[in-house]
There are 2 protein chains.
Amino acid sequence: MRVKEGNKEIDIIEAAVKVFAKYGYHNSKISKIAETANVATGSVYVYYKNKEDILLKIFSDLWTKLYDELDLIVSNTSLSSIEKLDAMIDLIFDVFSEEPSLALVFVNEQNHLEQSNKKGFTNYYEKFLDRGEEIIKKGIDEGLISENIDLTIFRNFVFGAIRHLVHCWARDPKTFTINKTRMNVKLFIKHGIAK
Amino acid sequence: MRVKEGNKEIDIIEAAVKVFAKYGYHNSKISKIAETANVATGSVYVYYKNKEDILLKIFSDLWTKLYDELDLIVSNTSLSSIEKLDAMIDLIFDVFSEEPSLALVFVNEQNHLEQSNKKGFTNYYEKFLDRGEEIIKKGIDEGLISENIDLTIFRNFVFGAIRHLVHCWARDPKTFTINKTRMNVKLFIKHGIAK
DNA sequence: TTTATTTTTGAATCATCATTCAATAAAGAC
DNA sequence: GTCTTTATTGAATGATGATTCAAAAATAAA
């Protein structure tokens, strides 16, 4: 018998995140991912069915993690709805601030998967948004949030805004300080910009 | 001498928008674009240098149009800053509501061009955002808009939010009525959601 | 050691298009 | 009708890169 050395499965994913971030999914070669992971080209196919399967894994890991953390926030009874909303925003920025490459992949490639309509990741992504929506609903019930808003529109409004800002930050961390960005986002969402 | 029949240059662009929207840029074949435009494959290369050149033309046309229209709004002295802001939002939704395919291409492929860092379109895109930012600056000077906001963050916040909503609408026009969407967006931007 | 089993390898295969270009067609000038 | 010029064509070319697979290497058990 022979035993696996290290964990190539993880090495490949980490390499893929870097390579996808740098070149974009379609311009990334499997051979480059393999090289980055210190692994032979063929090994990639031992662990993943094909190129898209790698992207799928990246996203399902990401959304699983985000969902689980959001779940903790939503079920935390000691927070008000507004505080939960803030915590959700912090969560997203925190997850990406540790990994700029992942942020780039997240922003640039999510649409691909939505187009090829792979479930398994769409599930978690939708569930995440649904869970976030619960916060808003509760806030409306409690009279903290305006009842004139369309929830579906709102959640996509926020999602799009944050996604783009994460992108800006990942491309140019100097201009977009994470902290200033997240503070502004919280302000915009709660109070808008009008005086 | 022979004279051109119709306008293949435009036919190709219109076909490309449809094909890119349906399959995504990287999965779109030149032969499919040619077929859709009722033109031979080779003709595409008479009018455009290569595949990316077509995408570039689509985006530069789009941003040129958006910029020119925004310019009219900004220079309209009979509008307040807040009214200009609303008009800008209407502008974007109007441009895309006529062409769902263009909306999809806009959302899905803009990053490609930013990555390959083609000027000529980036110019207009940046100019558009700069011009929009002027509206906000003026609003702050006039005391209509809060002075505590970071302009760079704000403009990207709004851009990302609208882009994603346009995307949602283009994929599923039933769920996202243009009018309801634009009304909510104006509300969120000006007043946020807190009571 | 030797053998059996599992992992790893990377060169060869194969399919997929973007792009080219020699040939053809059309239109106006004469 | 013939000639010249320009537009159009689409099959052939060539490059690229995902995927495969037979061989090699590593380990544990015997």
Side-chain angles (χ1 to χ4, degrees), chain A residues 1-59 105 108-109 111-113 115-118 121, chain B residues 1-59 105 108-109 111-113 115-118 121:
Chain A
M1 247 243 289
R2 183 183 177 181
V3 114
K4 292 184 188 179
E5 8 162 316
N7 190 328
K8 298 206 183 343
E9 198 169 336
I10 290 176
D11 292 347
I12 290 166
I13 287 295
E14 286 175 353
V17 169
K18 284 184 205 156
V19 175
F20 289 161
K22 184 161 177 189
Y23 303 100
Y25 176 74
H26 284 286
N27 296 316
S28 296
K29 304 175 204 169
I30 296 290
S31 58
K32 184 74 184 177
I33 294 172
E35 184 196 318
T36 307
N38 288 313
V39 142
T41 305
S43 295
V44 173
Y45 288 87
V46 172
Y47 295 95
Y48 299 96
K49 193 154 55 66
N50 53 34
K51 193 175 169 184
E52 193 181 46
D53 195 36
I54 300 173
L55 190 60
L56 209 53
K57 183 68 161 63
I58 293 172
F59 273 94
V105 176
N108 288 321
E109 317 301 346
N111 291 338
H112 284 300
L113 291 182
Q115 263 182 337
S116 55
N117 201 35
K118 299 289 169 189
F121 113 90
Chain B
M1 249 241 291
R2 182 182 177 182
V3 114
K4 291 183 189 177
E5 11 165 314
N7 190 328
K8 298 206 182 341
E9 198 168 336
I10 291 177
D11 292 346
I12 291 166
I13 287 294
E14 287 175 352
V17 168
K18 283 183 207 158
V19 175
F20 289 162
K22 184 162 177 187
Y23 303 100
Y25 176 74
H26 284 286
N27 297 316
S28 296
K29 305 174 201 169
I30 295 291
S31 58
K32 184 73 183 177
I33 294 172
E35 183 196 318
T36 307
N38 289 313
V39 142
T41 304
S43 295
V44 173
Y45 287 87
V46 172
Y47 295 94
Y48 299 96
K49 194 154 53 64
N50 53 36
K51 193 175 167 184
E52 194 182 46
D53 194 35
I54 300 173
L55 190 60
L56 210 53
K57 183 66 161 61
I58 292 172
F59 273 94
V105 176
N108 288 321
E109 317 300 345
N111 292 337
H112 283 300
L113 291 182
Q115 263 182 337
S116 55
N117 202 33
K118 298 290 169 186
F121 112 90

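So you know, we letter chains A, B, ... as the sequences are listed, proteins then strands, and number each from 1.
- To the nearest 0.5 Å, the span separating NZ on B:Lys32 from NZ on B:Lys22 amounts to 6.0 Å.
- Regarding B:His26, its NE2 atom lies at a distance of 14 Å from the C1' atom of D:dG17, rounded to whole Å.
- Each of C:dG10, D:dG10, D:dT19 was ranked by its minimum atom distance to the side chain of B:Thr41; first place goes to D:dG10.
- Considering only side-chain atoms of B:Val39, the nucleotide from C:dT19, D:dT9, C:dT9 that sits closest is D:dT9.
- Set against D:dT19, C:dT19, C:dG10, the side chain of A:Lys51 has D:dT19 as its closest nucleotide.
- B:Leu55 has its CG atom 15 Å from the C1' atom of C:dA18, to the nearest Å.
- Formation of a donor-acceptor pair under 3.5 Å by the B:Glu109 side chain with backbone atoms of B:Tyr25 is found in this model.
- When distances run from any side-chain atom of B:Val46 to the nucleotides C:dT9, D:dT9, D:dT19, the shortest one goes to D:dT9.
- Rounded to the nearest 0.5 angstrom, A:Lys49 NZ and A:Leu56 CG are separated by 8.5 Å.
- Protein atom CD1 of B:Ile33 is 17 Å distant from nucleotide atom P of D:dG10, rounded to whole Å.
- Side-chain N/O atoms of B:Lys8 include one lying less than 4.0 angstrom from OP1 or OP2 on D:dT8.
- Separation of atoms OH (B:Tyr48) and NZ (B:Lys57) is listed at 5.0 Å; rounding is to 0.5 Å.
- Between B:Tyr45 and C:dT19 there is a side-chain N or O to OP1 or OP2 distance below 4.0 Å.
- Between the NZ atom of A:Lys29 and the OH atom of A:Tyr23 there is a distance of 8.0 Å, given to the nearest 0.5 Å.
- Using a 4.0 Å heavy-atom distance criterion, B:Tyr47 is classed as a sugar-phosphate-only contact.
- The CG atom of B:Asn7 sits 15 Å away from the C1' atom of D:dT8 (whole-angstrom rounding).
- For C:dT9, the OP1/OP2 oxygens have a side-chain nitrogen or oxygen of A:Ser43 closer than 4.0 Å.
- Look at CD1 on B:Ile54: it is 9 Å from P on C:dT19, rounded to the nearest Å.
- Rounded to an integer number of Å, the gap from A:Ile30 CD1 to D:dT16 P is 17 Å.
- Rounded to whole Å, atom C1' of D:dT8 lies 16 Å from atom OH of B:Tyr48.
- Comparing B:Asn38 and A:Asn50, the nucleotide of DNA chain D nearest to each residue sits closer to the 5' end for B:Asn38.
- Residue B:Asp11 contributes atom CG, which lies 16 Å from atom P of D:dA7 at whole-angstrom precision.
- Checked against C:dC17, C:dG10, C:dT19, the side chain of B:Lys29 finds its nearest nucleotide in C:dC17.
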